[in-house]
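Following: one structure in C-alpha cells, then a few remarks.
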Number of protein chains: 2
Amino acid sequence: MAQGRGSAGRATIRDVASRAGVSVATVSRILSGAYTAPPATHDRVMQAVQDLDYVVNANARSLNTTSGLIAMVVNDITSPFFMNVASGVEEQAVADGRVCLVCSTQGVPERELSVIELMRQRGAEAIILVGGMAETEEHLAQLTAAAEGLERAGSRLVLCARPWKGGAKAPVDVVECDMESGAFAATSHLLSAGHTRVAHLAGPHEFSVAGQRLEGYERALRAHGVKPDPALVAESDMTRESGYEAACRLLTDTDATAIFCASDMSAAGAIAAARDLGRSVPDELSVVGFDDIPLAEDLYPRLTTVHVPQQELGRSATRLALHRRPMDPPSRRVVLGSHVVVRQSVAPPARLNTLGKVDS
Amino acid sequence: MAQGRGSAGRATIRDVASRAGVSVATVSRILSGAYTAPPATHDRVMQAVQDLDYVVNANARSLNTTSGLIAMVVNDITSPFFMNVASGVEEQAVADGRVCLVCSTQGVPERELSVIELMRQRGAEAIILVGGMAETEEHLAQLTAAAEGLERAGSRLVLCARPWKGGAKAPVDVVECDMESGAFAATSHLLSAGHTRVAHLAGPHEFSVAGQRLEGYERALRAHGVKPDPALVAESDMTRESGYEAACRLLTDTDATAIFCASDMSAAGAIAAARDLGRSVPDELSVVGFDDIPLAEDLYPRLTTVHVPQQELGRSATRLALHRRPMDPPSRRVVLGSHVVVRQSVAPPARLNTLGKVDS
DNA sequence: AACGTTCACTTAACCGGTTACAGGAACTGG
DNA sequence: CCAGTTCCTGTAACCGGTTAAGTGAACGTT
C-alpha cells in the first residue's frame, strides 16, 4: 500500500530517497542497475519503492538517455496485410530489446506526417511506415524533410511494404516486395492454364504498388503474345466491396474467363460477385489474388494467390533501422521476392466447353 | 535547411530563443499557443524554428503537462476481432483529441503487466486492455495493484471485451459484451431450425469468454428440453487450425447435425473440416459462429453468426476512461448486447432426409 | 504631471530523472 | 602507520521544456 506522501500524484525519486535515507543518486543508480549496492542499502531502497509504489517517470528518464522506442505508422490497423507486416516489425524489435508501438493514420494521408512528427517529438529511435498510400509531391517532400531531421537526431525512417515514388534515389531505407514480377508470375499462371481473356482487377492508379502489379500483368500478356485490352482492366480500391462491384462490371461487360486481382481482399469480392452472377469458380471463372493473407485459405474455392512474405518484410525493416554500422550507405533498399501459391481457384478455360456451356 | 548549431543532436528551445533574440519563455508560449504575440516577434520565432528544424521534445514537455496519451494493450495485433475493437478505441480517442498507441503482448501473459508498467512510466492517461487471456490469481492481483497506482496518478485502466474474473467487484472499468445471451440466441437458432444434436466447438476453458459461451449454449439446450451431452463439446483455442481439428473429431465421432462455434475463426475451420469430410454445409451440417468479423461474409456458405459490436466496445471503453466526472463511482461496467445475424450456414436437419441420406 | 493599466516580454524556479565529480570509509600493501 | 586503491555514496549540474512572478515601456486618465 502507498503511504508516506499524501496520496495525490505519484511518488518521485526524491520521495524514495528520503524514505530510504539515501540520496537520489543512489536510488537512481540502483534502479537503473548501474551498479551493485551492498545488500543492506539495496533492500532499503527496494522496500521504499514498494512502500511508495514508485514508478520511474520514463519521460524524465529519456531526457538523458535514449528512449529505445520503435514506432510503426499504419494506415489501417484493421487490415490483415498491414498487421501481418506489423507483427514482423514488432517481433524483430522486441528481439532487439526495443519497445514497439503502433499508431494509425486512420486512412488520412495528412495524419501520416503528424504521427511521424509526434513520434519524433517522443524521441523514437526508428519510425517504420508500414504500407502505402497515394502520395503527392508535397507529401514526399515533407517525408524527406522529416527523414533528414530524424537522421540528424540519430534516428531512422524506414519505408516498409511501400516503394519510394519520389524519383531519383530514396532518401530513406526501403523494404519492398518485387510486385511486378509477382504479378507477372500470377498472370503467366493464368495464361499457361490456357486463358487468353485475362482481366485485371487493379488497385487505385495513384497507389504505387497498384502500378507495379498492373505493369507485371501487362508484361506477362505481351510475353505470351496477348495484346493488352484496356477494357479488361477495372479499378477498385482493394477492398472487398469495391472488388465486388468492379468484378460485376468485368463479368457482365466483358468476355473475361479469368481475373487477376490486385489483392486477396478484392479477390474475395470477385469470387462473391461470380457466385452471385451464377458463374462458378474455377470452372467458369478463374481467379488469382495477391498478398496471401490468411483469408486466402478460407475462401471457397481456396484462393490461388501471390505470396508476399509479410512477416519477413517487417523483420527486414526493423533490421535495416537498427542494425546499422557507420560505413553503411545513407540509405539502403532491400527487395524481397514473391511467388504464386497454387490452390483451387484456377482451372483451364477448356472445361467450360467440355461441360457444354457457352462463354459470353 | 538546418544551420546555426553544429548539425549534431537536435535544436533545443534555447537555440531557438537565442536565434530569434527572445527568451525561452516567449518561445515556449508562442509554440504552445498560450498567447498571441505581436506579428513581428511571432514571425521571428517561427523563422528560427524553421531555420533550426526545431522539434519540441515531448518527453520534456510532459514533465509539466499531461501526456494526452491513450495506450492499448492487445494480445495479437494480427487478430481481426481485437483489431476491430482497437479501431473503435482509437476512433473515440482521437475524437477526444488524444494520441492513441497500440502495444502488443505477443501472446505472452507476463508481457501484459510489463507493457502496462511501461505505459504507466510514460504517463499514459488511460490504458485499455483489449481482449482476454487466461488469467491466474496472481496476474489479477497485479492488475489490481497496477490499477490502483494508475488511479493515484489520475489515470485509468479499462478492460475491454474482457470480463473481470477476479471475483467480487472489479477494481477497474469494464466494457464487455453479453456473450452468454449471445450464445443462448445462437444455440436457440439452431434448435429452432429443428436440430437436436447440436455440438459446441468451445474456446479454451481457462478463457472467461469461452466459459460464458458454453453456459449460454447449455442454458439454451435445457430451455428447449434437450439434455446437454458432454461428448458434443470439443475444445479448441479459437484459431482456424485448432477449430479444424476439433471439428473433425466432432464430425467423425458424434452424430451432431449442427455446430455452434465459439468464434468465427474456429467456424472457418469447422466449415473446412466439413468440406474435407464430404459433408456439405448447410445441407448436411449447420454451422454458427461468434463475433461477426469480416471473414464471416467471405466464407462459403456465408456464415450465420453472433454479431458482437466490436467498434462500439472500443468506443465505450475510451469513453469510460475519458469522460469521467468526480461523482462517478470508482469503477463502472457497461455491457453491450449481441444478436445473431442470419446468413447461409444454417438449414433444418430435415433436408438430410428429404435428400435420401442417412445420418449416422 | 502623476498614476493605474495593459502589453510584451524576461528571469528563474520548477518538472523528475541521470551522472560527472568529489569526499569519506575501508581495505591493501609496504 | 601512512599512502594508494577501491568501494560506496552525496552534491549539484545537467537534460529540455513550462510557468509564476516580476519588470519596464507605452498608453490612457484625471
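Here is the naming used below: chain letters follow the sequence lines, and residue numbers restart at 1 for every chain. Reckoned from all heavy atoms, side chains included, excluding hydrogens, waters and symmetry mates.
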Taken to the nearest 0.5 Å, the spacing of A:Leu101 CG from B:Leu118 CG works out to 7.5 Å
Scoring nucleotides 12-17 of chain C by protein non-hydrogen atoms under 4.0 Å (B base, S sugar-phosphate only, - none) yields B--BBB
Does A:Asp173 use its side chain to pair, donor to acceptor, with the backbone of A:Arg332 at less than 3.5 Å?
-> yes
Quick note, B:Arg29 side chain, CB onward, closest among D:dA20, D:dT9, C:dT18 is D:dA20
Of all heavy-atom pairs linking B:Ala153 and A:Arg10, the shortest is CB-CD, 4.1 Å
For A:Val174 and A:Leu320 the tightest heavy-atom approach is O-CD2, 3.9 Å
The helix from C:dA1-D:dT30 to C:dG30-D:dC1: angle between terminal helix axes, five bp per end, to the nearest 10 degrees, reads 40°
Task: Evaluation steps, side-chain contact (heavy atoms from CB on, under 4.5 Å), between B:Leu159 and B:Trp164 - done: CA-CA 8 Å; B:Leu159 261 48; B:Trp164 174 258; 3.7 Å; yes
Smallest heavy-atom separation, A:Glu125 atom then A:Leu322 atom, equals OE2-CD1, 4.2 Å
What does B:Ser62 touch in the nucleic acid at a heavy-atom separation under 4.0 angstrom: a base, only the sugar-phosphate, or nothing? nothing
- Message: Looking at A:Tyr35, I'd like to know whether one of its side-chain N or O atoms comes within less than 4.0 Å of OP1 or OP2 on D:dT9.
- Response: yes
DNA chain C nearest-nucleotide lookup for A:Val27 and B:Gly21: closer to the 5′ end is B:Gly21
Looking only at D:dC8, D:dT18, D:dG10, the nucleotide nearest the A:Pro38 side chain is D:dC8
**Asked** Should B:Arg319 and B:Glu312 count as an ion pair when the cut-off is N to O under 4.0 Å?
**Response** yes
So CD of A:Glu112 and NE2 of A:His139: to nearest 0.5 Å the spacing works out to 3.5 Å
B:Ile30 atom CD1 is separated from D:dT18 atom C1', nearest whole Å, by 14 Å
